[in-house]
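Positions are given from 1, in the same order as the sequence printed here. Quick note: numbers below take in every heavy atom, side chains included, and nothing from hydrogens, waters or symmetry partners.
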Amino acid sequence: MEAWALKILPASIIQHLWAILIQAGSLWIAWINACMLRGRHVMQLPLAQNSSWDWKKLMGLRNEAFQVFQVRDWLVQGQRYQVSKVWQEIRPKTSKVP
């Protein structure tokens, strides 16, 4: 995998949290609500040691995702999720030319 893809991957993974929060209406979201969340908020869910790699990764980005979701008015329910906008918020803020 390209180095740039590994850097932007968290913004893509956060998109799944976004879908869970806005109840996106897919079979996957229905399954997450029924089997994983069971009426709890995603931030209240403890992470089990026997969870799958992808679920651990998703839960590991919860705090970072919620920081972005809380401070950005463009991330309101009903708007389209844009990986590029989330990446701009979570990327390391360093100068491009040292």
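Under the rule for a side-chain hydrogen bond (donor to acceptor under 3.5 Å, both in side chains), Ser26 has no partner lying at least two apart in sequence or in another chain.
Residue Met43 holds its CE atom at 4.5 Å from CG of Asn63, rounded to the nearest 0.5 Å. Interatomic distance, NZ of Lys57 versus OG of Ser51, reported as 14.5 Å (0.5 Å rounding). Rounded to the nearest 0.5 angstrom, Gln15 CD and Ile20 CD1 are separated by 11.5 Å.
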Which donor-acceptor pairs under 3.5 Å do side chains of residues 27-36 form with protein atoms, sequence neighbours excluded?
unit_1 : atom_1 : unit_2 : atom_2 : d
Asn33  : ND2    : Gln23  : OE1    : 2.9
Asn33  : ND2    : Ile29  : O      : 3.2

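At least one donor-acceptor pair under 3.5 Å links the side chain of Arg62 to the backbone N or O of Leu45.
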Derivation and outcome, side chain to side chain contact (heavy atoms under 4.5 Å, CB included), residues Leu37 and Gln44: CA-CA 9 Å; Leu37 297 179; Gln44 298 171 336; over 6 Å; no

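Nearest heavy atom pair, residue Lys56 against residue Gln49, reads NZ-O, 3.0 Å.
Residue pairs meeting the ring-ring contact (aromatic ring centres under 6.0 Å, His included) criterion with at least one member in residues 34-54, sequence neighbours excluded: His41-Phe66.
In this structure, the side chains of Arg40 and Pro46 come closer than 4.5 Å at one or more pairs of heavy atoms.
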